[in-house]
Amino acid sequence: MRIAAYSNFYGEAMRPLQLIIQVHPGELDWSRTLYIPLSSPFDPFEAEEFGDVTGVSVLLEDMVRQPGSTPVIGIHLPSIAERHGTEIHLLILQMDDVEEVLKYERGYFSE
């Protein structure tokens, strides 16, 4: 599993806009919530890396916060599997949604 950020200009500065979780076939248990500890800076993810693999948007309602001192985001995989199946290689989270779920101010993950 690889966690990276797709960044682009937001105003006059570069800002991570999407959190990309790249997974390999059989790597996820689609019947459970996936918890991922987050810390920046993230590896960069370039537009060319999207390629022709199957990627899906993780909706705000698919995300949960795990309480604790380290920022951890949960992704409810059963909901995603129900909508899209399990042949997915990229989970794409909007950084604004991640920040909202984690209850951080805008720009927490700014580079």
A.B. asks: How many angstroms lie between atom OG of Ser7 and atom CZ of Phe42, to the nearest 0.5 angstrom?
C.D. replies: 9.5 Å
A.B. asks: So Val64 and Tyr35, do their side chains get closer than 4.5 Å, heavy atoms only?
C.D. replies: yes
A.B. asks: Given Leu28 and Leu77, is the side-chain contact (heavy atoms from CB on, under 4.5 Å) satisfied, shown in steps?
C.D. replies: CA-CA 9 Å; Leu28 299 179; Leu77 294 177; 4.1 Å; yes
A.B. asks: Say whether Val101 and Leu19 are linked into one hydrophobic cluster, either directly or through other cluster members, by side-chain heavy-atom distances under 4.5 angstrom.
C.D. replies: yes
A.B. asks: Taking the side chain as C-beta and beyond, is there a heavy-atom pair between Ile92 and Gln18 under 4.5 Å?
C.D. replies: yes
A.B. asks: Please determine whether a side-chain nitrogen of the Lys or Arg among Arg65 and Glu99 lies less than 4.0 Å from a carboxylate oxygen of the Asp or Glu.
C.D. replies: no
A.B. asks: Are any side-chain N or O atoms of Asp62 and backbone N or O atoms of Leu59, one a donor and one an acceptor, separated by less than 3.5 Å?
C.D. replies: yes
A.B. asks: Do you know which two heavy atoms are closest between Ala81 and Thr86, and how far apart they sit?
C.D. replies: CB-CG2, 3.9 Å
A.B. asks: Atom CZ of residue position Arg32 - does it have more than 12 heavy atoms of other residues, nucleotides or ligands inside 6.0 Å?
C.D. replies: no
A.B. asks: Any chance you could lay out the side-chain contact (heavy atoms from CB on, under 4.5 Å) test for Val58 and Met63, step after step, and finish with the verdict?
C.D. replies: CA-CA 8 Å; Val58 177; Met63 295 182 228; 3.9 Å; yes
A.B. asks: Indicate yes or no: at least one non-hydrogen side-chain atom of His76 is less than 4.5 angstrom from one of Pro78.
C.D. replies: yes
A.B. asks: Should Met95 and Tyr6 count as side-chain neighbours, where that means a heavy-atom distance under 4.5 Å?
C.D. replies: no
A.B. asks: Say whether Ile73 and Leu34 are linked into one hydrophobic cluster, either directly or through other cluster members, by side-chain heavy-atom distances under 4.5 angstrom.
C.D. replies: yes
A.B. asks: Treat each ILVMFWY residue as a node, draw an edge where side-chain heavy atoms are under 4.5 Å apart, and state whether Leu90 and Met1 are in one component.
C.D. replies: no
A.B. asks: Within the side chain of Glu27, is there an N or O that forms a donor-acceptor pair under 3.5 Å with the backbone of His24?
C.D. replies: yes
A.B. asks: I need the Ser57 OG to His84 NE2 distance, nearest 0.5 Å.
C.D. replies: 7.5 Å
A.B. asks: With a 4.5 Å heavy-atom cut-off, do Ile80 and Val56 have their side chains touching?
C.D. replies: yes
A.B. asks: Between Leu60, Val98, Ile20, which is the residue that forms a side-chain contact (heavy atoms from CB on, under 4.5 Å) with Leu93?
C.D. replies: Val98
A.B. asks: Would you mind reporting whether Leu102 and Leu38 have side-chain heavy atoms less than 4.5 Å apart?
C.D. replies: yes
A.B. asks: Are the side chains of Asp43 and Gln22 in touch, meaning some heavy atoms are under 4.5 Å apart?
C.D. replies: no
A.B. asks: Tell me whether Phe45 is reachable from Met14 by hopping between hydrophobic residues (I, L, V, M, F, W, Y) whose side-chain heavy atoms are closer than 4.5 Å.
C.D. replies: no
A.B. asks: Step by step, work out the side-chain contact (heavy atoms from CB on, under 4.5 Å) result for Asn8 and Arg15.
C.D. replies: CA-CA 6 Å; Asn8 209 335; Arg15 179 178 184 274; over 6 Å; no
A.B. asks: Nearest 0.5 Å, please: how far is CD1 in Ile36 from CD1 in Ile75?
C.D. replies: 4.0 Å
